[in-house]
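Encoded as structure tokens, the structure appears first; notes follow it.
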Amino acid sequence: MSDRIFGVVGILLAIGYAIAALAIEESFLSDAVGPKAFPLIIASILGLSSLVIALRPDAEPEWPALGRFVEVAASVVVLILYAELLPVAGFVVATAFAAAYLAWRLGSSPLESVAVGIGTSVGIYVIFHLVLGLSLARGPLGF
């Protein structure tokens, strides 16, 4: 039954996403495909996948223990905080903390997770900002 509920929620989410995509106003400078194409493709894939899940559910899924749900909830909270702190702390600092926490929860030791967080943050900054010239959120340190 939980698969069917998940499938129906996914279908509703896909419908909402498609409605939001159709509300995007097109500029006279847009390309031939337009800004609505990619969100509509994502909504279609989500809708079809959810339909398959709703119509052909597993026999009876095994739900993880409460401790695993708490870990997933904590990761979601960290990602929400990451999005909120990105403009305040800047890309490099916010990404380092988020990546370090997620690496730690995925099984790295605390020291390894700090190294992974810093390496991920600096690596993405170098590639996207310095090499490709894309704009990333600046923090109080200027990067």
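The structure presented is a predicted model; accordingly, all values stated were derived computationally and were not measured. In this chain, residues are counted from 1 in sequence order.
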- line: Quick note, salt bridge (charged side-chain N to carboxylate O under 4.0 Å, His left out) partners involving residues 117-126, not counting sequence neighbours, are none

field: Cluster companions of L79 among Ile, Leu, Val, Met, Phe, Trp, Tyr (side-chain spacing under 4.5 Å)
entry: V78, Y101, L102, W104

query: Partners of V88 by side chain to side chain contact (heavy atoms under 4.5 Å, CB included), sequence neighbours excluded?
result: none

query: Which residue pairs pass the side chain to side chain donor-acceptor pair (under 3.5 Å) test with at least one member in residues 90-100, sequence neighbours excluded?
result: Y82-T95

- prompt: From I53 CD1 over to I11 CD1, what is the distance, rounded to the nearest 0.5 angstrom?
  reply: 9.0 Å

task: Could you name each residue pair satisfying ring-ring contact (aromatic ring centres under 6.0 Å, His included) that touches residues 39-59, not counting sequence neighbours?
output: none

Shortest non-hydrogen separation from S121 to V92 and the atoms involved: OG-O, 2.5 Å

message: With rounding to the nearest 0.5 angstrom, report the CG to OH distance, L134 to Y125.
response: 11.5 Å

message: Suppose the criterion is salt bridge (charged side-chain N to carboxylate O under 4.0 Å, His left out): which pairs have a residue in residues 91-109, not counting sequence neighbours?
response: E71-R105

statement: With sequence neighbours left out, the residues meeting side chain to side chain contact (heavy atoms under 4.5 Å, CB included) with L85 are none

Return a table of donor-acceptor pairs under 3.5 angstrom between the side chains of residues 107-117 and protein atoms on other chains or two or more places apart.
from, atom 1, to, atom 2, distance (Å)
S108, OG, A103, O, 3.4
S109, OG, E112, N, 3.2
S109, OG, E112, OE1, 3.4
E112, OE1, S109, N, 3.1
S113, OG, S109, O, 3.3
S113, OG, P110, O, 2.7

query: What's the spacing between R56 CZ and R4 CZ if we round to 0.5 Å?
result: 11.5 Å

field: Qualifying residues under side chain to side chain contact (heavy atoms under 4.5 Å, CB included), relative to L55, sequence neighbours excluded
entry: L51

message: Tell me every residue that passes side-chain hydrogen bond (donor to acceptor under 3.5 Å, both in side chains) with E84, counting only those two or more places apart in sequence or in another chain.
response: none

Less than 3.5 Å apart, which donor and acceptor atoms pair up between the side chains of residues 14-23 and the rest of the protein, not counting sequence neighbours?
none

query: What residues, two or more places apart in sequence or in another chain, satisfy side chain to side chain contact (heavy atoms under 4.5 Å, CB included) together with L12?
result: V8

